[in-house]
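Here's the structure we're looking at; comments come further down.
On a predicted model such as this, the values are computed, not experimentally measured, just so you know.
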Number of protein chains: 2
Amino acid sequence: MLDRNEITSIRSFNRNYTKLLGILNKRVLDTPLSWTEGRIILEIYFNQDKTPIEVANHLNLDKSYTSRILKRFEKNELLYKSPSSTDLRSKKIHLTTKGTKLAQQLDERSDQQIKDLLINLSPQQQQEFYEAVETIDKLLFNRK
Amino acid sequence: MLDRNEITSIRSFNRNYTKLLGILNKRVLDTPLSWTEGRIILEIYFNQDKTPIEVANHLNLDKSYTSRILKRFEKNELLYKSPSSTDLRSKKIHLTTKGTKLAQQLDERSDQQIKDLLINLSPQQQQEFYEAVETIDKLLFNRK
DNA sequence: CAAAGTAGTGGACAAAGTCCACCATTATGA
DNA sequence: TCATAATGGTGGACTTTGTCCACTACTTTG
């Protein structure tokens, strides 16, 4: 078991990382999108043809909230909806060319953001960072 | 330099950890406090006699926002302010007994929260987690 | 086929935070 | 030393982000 000091260190790390993620996530990268809006665009980008409900569920968002954001995106011509062939209640979401471009931008800049974060570290340190991230990811979120 | 896949993994980790911290930080531990309110209470708890501005700066909060929260705390008798002896504009903040108790509760439960998070890991895994956290903390936030 | 459930939307509201203006006081520099 | 700028603290007005509820249209289930 971890002792009190170690727990304190973890809490300190969590505060630091909360702050960092807050900055990273905040106003996302010169785009006019908020963090959640960005997630939605990327979700659709990487997985065309999703329905609003699927998007909401996968990103853990309120369906009403999601609906409003999608509507805004539609108005801004980032996406359009087509009726589902099998369920008349449901719709499929597709990015427009404009939406796709924005998604790509967002994706690239998110990568760049990580690179910028690590820019002052040596290649060895970057590797060390990466491995530590993988360790935590595996331990807490049991990926692969 | 890290390659594209590694960057992608880091971004995935960041999303996961954002979500985790969101849950940890959200409704803080049976107390009636929000995350920010909790931070303010703990900030004062660990560092009595701070001024509102110092609290705001240290936690990166708007001073107006901070002022309002402090006022609420004062009304709820969690703290009181005394005039600074050297600067008539300024005030020092002190927790009341009630405020101190709440801070202690918060502190304990924050520790407990971390323990709960790691409860399913073996002692070795917990140690591994701790070391990974320390690694990242050192690399990104250069603590000692 | 009746009843229950689901996709999607909108209204009303709340929480959290930002931005601006202001007063009182303090610090600065010509 | 005095005008000017800067700072601590507060409040009003507003925005952003999100929650909760209710409702319609359709679909699924027993």
message = Regarding E131(A) and Q127(A), do their side chains bring together a donor and an acceptor under 3.5 Å, going by distance alone?
response = yes
query = Could you give all pairs that pass the ring pair (Phe, Tyr, Trp, His ring centres under 6.0 Å) test and reach residues 87-107 of chain A, with sequence neighbours left out?
reply = Y80(A)-H94(A)
key: side chain to side chain contact (heavy atoms under 4.5 Å, CB included) partners for T86(B), two or more places apart   = S84(B)
message = Please evaluate residues L42(B) and R39(B) with respect to the criterion side chain to side chain contact (heavy atoms under 4.5 Å, CB included), reporting the C-alpha separation (whole Å), side-chain torsions for both, the decisive distance (0.1 Å), and the verdict.
response = CA-CA 5 Å; L42(B) 286 182; R39(B) 284 162 80 215; 5.9 Å; no
inquiry  = Taking ring-ring contact (aromatic ring centres under 6.0 Å, His included) as the definition, give me every residue that meets it alongside H58(B), ordered by chain and number, with sequence neighbours left out.
reply    = none
ask   = Which heavy atom of M1(B) sits nearest a heavy atom of P123(A), and at what distance?
value = N-CB, 4.3 Å
Separation of dT10(D) C1' from I93(B) CD1 (nearest whole Å) = 14 Å
task = Verify the contact: side-chain N or O of S84(A) to OP1 or OP2 of dA7(C), cut-off strictly under 4.0 Å; return yes or no.
result = no
task = Check side chain to side chain contact (heavy atoms under 4.5 Å, CB included) between L140(A) and all other residues, then give those that pass, not counting sequence neighbours.
result = I136(A), Y17(B), L20(B), L117(B), L118(B), F129(B)
ask   = Who are the side chain to side chain contact (heavy atoms under 4.5 Å, CB included) partners of N57(B), not counting sequence neighbours?
value = I53(B)
note = With sequence neighbours left out, the residues meeting side chain to side chain donor-acceptor pair (under 3.5 Å) with T18(B) are N25(A)
Bend angle of the helix from dC1(C)-dG30(D) to dA30(C)-dT1(D), end axes from five pairs each (to 10°) = 30°
ask   = Do I119(A) and L2(B) share a hydrophobic cluster (ILVMFWY, side-chain heavy atoms under 4.5 Å, transitive)?
value = no
message = Any base atoms under 4.0 Å from K81(B), or only sugar-phosphate, or nothing? Heavy atoms, all strands.
response = sugar-phosphate
ask   = Quick one: does N14(A)'s side chain get under 4.5 Å of I114(B)'s, heavy atoms only?
value = yes
ask   = Can you name the side chain to side chain contact (heavy atoms under 4.5 Å, CB included) partners of D111(A), sequence neighbours left out?
value = R4(B), I7(B), R11(B)
key: DNA chain C contacts made by residues 45-55 of chain A, counting heavy atoms under 4.0 Å   = T51(A), P52(A), I53(A)
Short N/O separations, protein against nucleotides 27-30 of chain D, under 3.5 angstrom:
from    : atom 1 : to     : atom 2 : distance (Å)
dT27(D) : OP1    : L88(A) : N      : 2.9

key: Partner residues of K81(A) under the salt bridge (Lys or Arg N to Asp or Glu O under 4.0 Å) criterion, sequence neighbours left out   = E74(A)
ask   = Taking the side chain of K91(A) as its heavy atoms from C-beta onward, which of dG8(C), dT17(D), dG9(D) lies nearest to it?
value = dG8(C)
Contact list for DNA chain D against residues 59-76 of chain B - heavy-atom distance below 4.0 Å = K63(B), S64(B), S67(B), R68(B), K71(B)
